[in-house]
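Hydrogens, waters and symmetry mates are skipped; everything else that's a heavy atom, side chains included, is used. Letters A, B, ... are given to chains in the order of the sequence lines, protein chains preceding strands, and every chain is numbered from 1. These numbers come from a predicted model, not from an experiment.
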2 protein chains.
Amino acid sequence: MDIAAKQALELWRGVMVLALQKDLPDLTSRQFTLLLHVYLKDQAHTVRGLAEELNMSKPAVTRALDRLGGLDFVRRKTDDKDRRSILVQRTVKGSVFLREFGDMVEIYAAEVSG
Amino acid sequence: MDIAAKQALELWRGVMVLALQKDLPDLTSRQFTLLLHVYLKDQAHTVRGLAEELNMSKPAVTRALDRLGGLDFVRRKTDDKDRRSILVQRTVKGSVFLREFGDMVEIYAAEVSG
DNA sequence: TCCGAATGTTTCGCATTCGTAATGATTCTA
DNA sequence: TAGAATCATTACGAATGCGAAACATTCGGA
């Protein structure tokens with residue numbers, strides 16, 4: 001994936017337009033970023049950690065988890081080592097959703113650079 | 001998960017996280033997509049046209065133009081050939097904003113594939 | 001000219017989001 | 001073990017977005 005800045009924008013545009021046309025559940029940028037973060041970063045994800053890493057307030061993280069949980073894209077699990085914390089877990093539905101999105105990006109990337 | 005698709009997601013994640021950390025004006029996906037569309041597609045852009053191409057309702061396009069106009073990222077101009085239509089025009093501020101975003105994507109694309 | 005069609009905006013009611021501050025639950029510490 | 005600290009959530013009020021429907025303006029054809 002080697003693209004110039006202009007191609008990068010075209011890639012972004014193409015994917016976003018396709019996402020709109022597909023009537024995917026429309027997530028806010030915070031929600032979508034959080035989803036990507038949870039699935040791509042192999043760590044234990046807590047509300048506090050996500051809030052710091054993503055520059056979000058903790059209530060915003062809680063709300064994003066409510067929304068993503070409602071879609072069954074993530075799941076909450078209380079940490080048994082410290083029952084104050086919750087651990088954000090991945091789901092099959094979330095994996096499927098992101099894989100499809102990734103394929104979309106990949107396809108457009110090939111199209112843009114080719 | 002396919003490696004290339006995974007890299008595509010990692011690219012998306014990196015850019016989105018950076019955008020959050022930079023405290024950029026947070027645009028909805030519709031607003032951002034509309035902005036990209038106007039700047040990358042060389043055509044006359046009207047409300048009706050954008051609504052069809054982006055699968056948005058006309059009021060949503062109007063509101064997005066209000067928001068983007070408030071940021072001085074686009075400007076409205078009534079079409080002299082048909083004064084019912086408005087033409088969406090680009091601005092310097094919008095160009096700068098998108099160029100910076102494009103650079104960000106390009107940098108991450110190199111990082112992800114390298 | 002006049003009336004229907006087309007274009008963009010506004011209004012309306014509803015849903016969602018935001019950050020700050022308060023609350024509840026759990027753990028740590030002195 | 002009592003009180004402080006930590007973690008997540010809820011409450012609150014303000015802001016914003018959405019689509020459907022109504023509205024104002026402009027164009028175009030009979």
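Under a 3.5 Å cut-off, the side chain of Arg90(A) and the backbone N or O of Val38(A) do form a donor-acceptor pair.
Residue-to-nucleotide contacts include a donor-acceptor pair under 3.5 Å from the side chain of Arg84(A) to the base of dT6(D).
Distance Arg30(B) CZ to dT17(C) P: 13 Å, rounded to the nearest Å. Rounded to whole angstrom, the span from the CG atom of Asp79(A) across to the C1' atom of dA8(D) amounts to 13 Å. In this structure, Asp66(A) atom CG and dT9(D) atom P are separated by 7 Å, rounded to whole Å. We find that CG of Asp26(B) is positioned 11 Å from P of dT16(D), with the value rounded to whole Å. A straight line from CZ of Arg83(A) to C1' of dT6(D) spans 16 Å, rounded to a whole angstrom. If you measure from atom NE2 of His45(A) to atom P of dC7(D), you get 17 Å, rounded to the nearest angstrom. One atom, NZ of Lys81(A), and another, P of dA25(C), lie 24 Å apart when rounded to the nearest Å. Following rounding to the nearest Å, Lys77(A) (NZ) and dA8(D) (P) show an atom-to-atom distance of 14 Å.
Which of dT26(D), dT9(C), dG19(C) sits closest to the side chain of Asp82(B) comes down to dT26(D). Out of dG8(C), dT26(D), dA8(D), the shortest distance to the side chain of Ile86(B) is found at dG8(C). The listed nucleotides are dG8(C), dG19(D), dG19(C); the one nearest the side chain of Ser57(B) is dG19(D). When each of dG8(C), dA8(D), dC18(D) is scored by its nearest atom to the side-chain atoms of Thr28(B), the top-ranked nucleotide is dC18(D). The nucleotide whose nearest atom lies closest to any side-chain atom of Lys58(B) is, among dC27(D), dA8(D), dG8(C), dG8(C).
In this structure, Arg67(A) does not reach the dT16(C) phosphate: none of its side-chain N or O atoms is under 4.0 Å from OP1 or OP2. Phosphate contact (OP1/OP2 of dT6(D), side-chain N/O of Arg48(A), threshold under 4.0 Å): absent. Contact annotation: Gln31(B) side-chain N/O to dT16(D) OP1/OP2 distance is not under 4.0 Å. The phosphate of dT16(C) (OP1 or OP2) has no side-chain N or O of Arg63(A) nearer than 4.0 angstrom. Phosphate proximity of dG8(C) to Thr62(B): absent, as no side-chain N or O sits under 4.0 Å from OP1 or OP2.
A salt bridge links Glu52(A) to Arg48(A): at least one charged side-chain nitrogen sits closer than 4.0 Å to a carboxylate oxygen.
Residue Ala109(A) comes nearest to Leu11(A) through the heavy atom pair N-CD1, 3.5 Å, listed as atom of the first residue, atom of the second, then distance.
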Run the numbers on Phe73(B) and Val96(B) for side chain to side chain contact (heavy atoms under 4.5 Å, CB included), then give the verdict.
CA-CA 9 Å; Phe73(B) 285 176; Val96(B) 169; over 6 Å; no
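With Gln21(A) as reference, Val17(A) is the one residue of Leu24(A), Val17(A), Asp23(A) to meet the side chain to side chain contact (heavy atoms under 4.5 Å, CB included) rule.
Projected onto DNA chain C by closest heavy-atom contact, Asn55(A) and Arg76(B) fall at different nucleotides, the more 5' of which corresponds to Arg76(B).
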